[in-house]
Visitor: 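Before we start, here is the structure in question, set down as structure tokens.
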2 protein chains.
Amino acid sequence: MVERKLKNMEEFAAVSGISRPTLSKYFNNPESVRQTTRLRIEDALQKYDFRPNIFAMNQNRKLTKNVGIVVPFLADPFFTEIARKLEQRCLEAGFHPTLYSAHGQQQLENEILDSLRSLKPAGVLLAPLGRASDKLSVEKFCQDVPTVLFDSNIEGIGEAFVGSDNFSFVSQTVDYLTRTGEPPSFFEMRTPANPNANKRRAAYEQLMAERNLEPRILKIEGEGWAFEQIGRDGALRILETGGFPTNTVLCSNDRLAIGLLSACYEKGLRVGRGAGCALRVASHDDHPFSKFTCPSLTTAAHDYDSVSDHAFKTLNNLIEAGGRFARREETVFSARLVLRSSA
Amino acid sequence: MVERKLKNMEEFAAVSGISRPTLSKYFNNPESVRQTTRLRIEDALQKYDFRPNIFAMNQNRKLTKNVGIVVPFLADPFFTEIARKLEQRCLEAGFHPTLYSAHGQQQLENEILDSLRSLKPAGVLLAPLGRASDKLSVEKFCQDVPTVLFDSNIEGIGEAFVGSDNFSFVSQTVDYLTRTGEPPSFFEMRTPANPNANKRRAAYEQLMAERNLEPRILKIEGEGWAFEQIGRDGALRILETGGFPTNTVLCSNDRLAIGLLSACYEKGLRVGRGAGCALRVASHDDHPFSKFTCPSLTTAAHDYDSVSDHAFKTLNNLIEAGGRFARREETVFSARLVLRSSA
DNA sequence: ATAAAAATTTTACGCGCGTAAAATTCTTGC
DNA sequence: GCAAGAATTTTACGCGCGTAAAATTTTTAT
């Protein structure tokens, strides 16, 4: 790395003694050139400071190495965590991931998809907003760009969906809770942001019915993605107007549960499964912070690794298949029950 | 929007009746063309579906509209939150922000800066890893790309720094705690990831000295960015070996405090300022979750809005000044004490 | 050793847009 | 209505690289 910064591939061709078209091939795919020339090129790259101009590269390539990762709400550590894993897989595979968050806003989601389109990405991993998504825009996008949906499914849109099996989440928590104590009531938002919430409620209803138990659904008010605040406010209202109908509460997701726990703490209601506890609380997701709540949260955990692995692999297959699958793939992974102190 | 998708600016020039160079000027800066032609262009944009090729645009422009936002650890909601605000400011000003996280790894930080360089960004907002940063790489980067550091300062590197006044954080918490009870001991990591932590410890020592009080610093073990876990483990060890030396603990940051609170809860140690409480706990940052801890956390809050506003404005000024300031600017904002239940 | 196959080099053009310079048209103030 | 000034159009070239086709070299297999 003694020489000056080289201006373009032409100059690098001159000093390295390799023709420009071969260099072009190499930068497009290092394995597409003969091993000996590859080594010559990589030797030269050590000696000379050259990186191809990324804009010129992408200008006429039909397929870039860009991959978009879009999540609905990055301030939710669940998405930060899964985005991190996806990003890592992309990097390992030689793609250029770019992370976007819709921050809960439909307009932003549309704008992200719009600008992603002009980046000519090889593929996109999209966790849509869900209820707030502009379905037509998303659908149109997926027709233009090879897209794998994750976390939140929209029927028929995208070439594949990878997520979690909501029924297995609720089945494991309901099973555990009913086996070890009073059957739970179900704590959720009246108008959830996300279709997973609806599936979880449906699962709860079905599972209670199978057990000949009366389902009790506590629908709390609130809009948006500030789930902790909504859960807290909802729980405070319940506690101030007679309390919970059961001594066991199952929350639709961990972030609501975090809010609920904070309300219980404030009201002096002791949560846990031990003696002296007034309430058992369980939940779903295994949010990165649920280990540190007071008490620590019993929850059904996403298989983060499997979801992110499989989502990326699916996208990779999709790209190699030319952007289309013969038929839409749907893969969901089961939850794993994590017993902690709250129930 | 009835017509077909136009292939390039040439075609759009043909159908709109505007010359291509004028269109080029318009897309570069809509205000640089006459009002009447601007309206004609925007009318045509309604009728025809055309967006300039972003790669071709950036290829020869010395200055793109790209802005990089780099944070050290996106899974920390503090950074997610401030990144969101920065992103929003950039979008409002017509820039194209891209968010990157080093995920706590030096190598990743270097790779991010490397690939950012080839995106020819107009400017970069960089919150460096801190101790783990490869200072030489960061410095070299800042020489090539107009960069404003935020959150974590590296002396002399970048054209400006915008952050929080660590002394004001500690001064307010120490002042409050000593005024209302026993002086605090200081709970921190032995080898903090971030220079802010060192400044906070120094402030604590100075403030205690000014009051003729004995500083008590509890240094806990642990590497990396899993602060909650580190705080929890450290607190558990302390609780299992004699307990805290004072009935008041000031944590270096909220994430450590979250871990500490979870340890206290588990050990049955009641935290708060009321009667029957064994420990008061306060902290710094006003982490987005500190409102929902049990008990809710008394903390010194970052002025998120001012920091993000001013960081963006500084970058904007820097860009308009051609990428260099006559002298490096440093701006820090004071904390605001947020009294909650933990102290 | 030799022919066939594979990889590389040479040559040449195109991508979509930035941008400079000169010619033309439009706006503005008087 | 007119001249000066401003904006636009015309013309033309360049950016850095992708890529196609033909010529050449290298490798592989017989």
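Atoms considered below: every heavy atom in the structure, side chains included; atoms not considered: hydrogens, waters and symmetry mates. If you're wondering where the values come from, they're calculated on a predicted model, not measured in any experiment. We name chains A, B, ... by the order of the sequence lines, and we start the count at 1 in each one.
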Visitor: From C-beta outward on Pro21(B), which listed nucleotide comes closest to its side chain: dG16(D), dT8(C), dA20(C)?
Guide: dA20(C)

Visitor: Looking at dC17(D), dT8(C), dC17(C), which one has an atom nearest to any side-chain atom of Asn53(B)?
Guide: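 For Asn53(B), the side-chain atoms sit closest to dC17(C).
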
Visitor: Please tell me which of the listed nucleotides, dT27(C), dT8(C), dG16(C), lies nearest to the side chain of Gln59(B)?
Guide: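 For Gln59(B), the side-chain atoms sit closest to dG16(C).
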
Visitor: Mind calculating the distance between CG (Leu23(B)) and P (dG16(C)) to the nearest angstrom?
Guide: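 About 15 Å, once rounded to whole Å.
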
Visitor: Do the non-hydrogen side-chain atoms of Arg324(B) and Glu159(B) ever get within less than 4.5 Å of each other?
Guide: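 Yes, at least one pair of side-chain atoms sits under 4.5 Å.
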
Visitor: To the nearest angstrom, how far is Phe55(B) atom CZ from dG16(C) atom P?
Guide: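 From Phe55(B) CZ to dG16(C) P: 13 Å.
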
Visitor: Nearest to the side chain of Lys7(B), heavy atoms from C-beta on, is which of dC17(C), dG16(C), dG18(D)?
Guide: dG16(C)

Visitor: OP1 or OP2 of dG18(D) less than 4.0 angstrom from a side-chain nitrogen or oxygen of Arg61(A), does that happen here?
Guide: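 Affirmative; the distance criterion is met.
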
Visitor: Kindly say whether Asn66(A) contributes a backbone atom to a donor-acceptor pair with the side chain of Lys120(A) at under 3.5 angstrom?
Guide: no

Visitor: In this structure, how many angstroms lie between the P atom of dC26(C) and the CD atom of Gln35(B), rounded?
Guide: 18 Å

Visitor: What is the distance, to the nearest angstrom, from the CG atom on Leu63(B) to the C1' atom on dC17(C)?
Guide: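 Leu63(B) atom CG is separated from dC17(C) atom C1' by 16 Å.
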
Visitor: Please state whether the base of dG18(C) and the side chain of Arg20(B) form at least one donor-acceptor pair under 3.5 Å?
Guide: yes

Visitor: Consider the side chain of Asn28(B), meaning its heavy atoms from C-beta on, and name the nucleotide among dT8(C), dC17(D), dT19(C) that approaches it most closely.
Guide: dT19(C)

Visitor: Please determine if a side-chain N or O atom of Asn8(B) lies less than 4.0 Å away from the OP1 or OP2 oxygen of dG16(C).
Guide: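 Yes, Asn8(B) has a side-chain N/O under 4.0 Å of OP1/OP2 on dG16(C).
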
Visitor: One pair to check against side-chain hydrogen bond (donor to acceptor under 3.5 Å, both in side chains): Asp134(B) and Ser137(B). What are the steps and the verdict?
Guide: CA-CA 5 Å; Asp134(B) 179 350; Ser137(B) 293; 2.8 Å; yes

Visitor: Have a look at Lys25(A) and say if it touches a base, only the backbone sugar-phosphate, or nothing, with a 4.0 Å heavy-atom cut-off.
Guide: nothing

Visitor: Verify the contact: side-chain N or O of Ser24(A) to OP1 or OP2 of dC17(D), cut-off strictly under 4.0 Å; return yes or no.
Guide: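 False: Ser24(A) side-chain N/O out of range (4.0 Å or more) of dC17(D) OP1/OP2.
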
Visitor: So does Thr22(A) get a side-chain nitrogen or oxygen closer than 4.0 Å to the phosphate oxygens (OP1/OP2) of dT8(C)?
Guide: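 So the side-chain polar atoms of Thr22(A) never come under 4.0 Å of the phosphate oxygens OP1 or OP2 of dT8(C).
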
Visitor: So, are Arg84(B) and Glu87(B) salt-bridged, with charged N and O less than 4.0 Å apart?
Guide: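 No, no charged N to carboxylate O under 4.0 Å.
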
Visitor: Under 4.0 angstrom, heavy atoms only, what part of the nucleic acid is Thr36(B) near: base, sugar-phosphate, or nothing?
Guide: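 It contacts nothing in the nucleic acid.
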
Visitor: Find the distance Asn58(A):CG to dC15(D):C1' and express it as a whole number of Å.
Guide: 15 Å

Visitor: Could you give the CE-to-P distance, from Met57(A) to dG14(C), as a whole number of Å?
Guide: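 Going from CE in Met57(A) over to P in dG14(C) covers 22 Å.
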
Visitor: What is the distance, rounded to the nearest whole Å, between atom CZ of Arg38(B) and atom C1' of dC26(C)?
Guide: 19 Å

Visitor: For Glu10(B) and dT11(D), give me the distance from atom CD to atom P, rounded to whole Å.
Guide: 12 Å

Visitor: Using side-chain heavy atoms (C-beta onward) and a distance below 4.5 Å, is Met9(B) in contact with Phe50(B)?
Guide: yes

Visitor: Should Gln107(A) and Glu111(A) be marked as a side-chain hydrogen bond (donor to acceptor under 3.5 Å, both in side chains) after you check the CA-CA gap, both sets of side-chain angles, and the distance that decides it?
Guide: CA-CA 6 Å; Gln107(A) 194 200 337; Glu111(A) 285 171 13; 2.7 Å; yes

Visitor: Just to confirm, is there a sub-4.0 Å distance from OP1 or OP2 of dT8(D) to any side-chain nitrogen or oxygen of Ser19(B)?
Guide: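 Answer no for this pair, as no side-chain N or O of Ser19(B) is under 4.0 Å from OP1 or OP2.
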
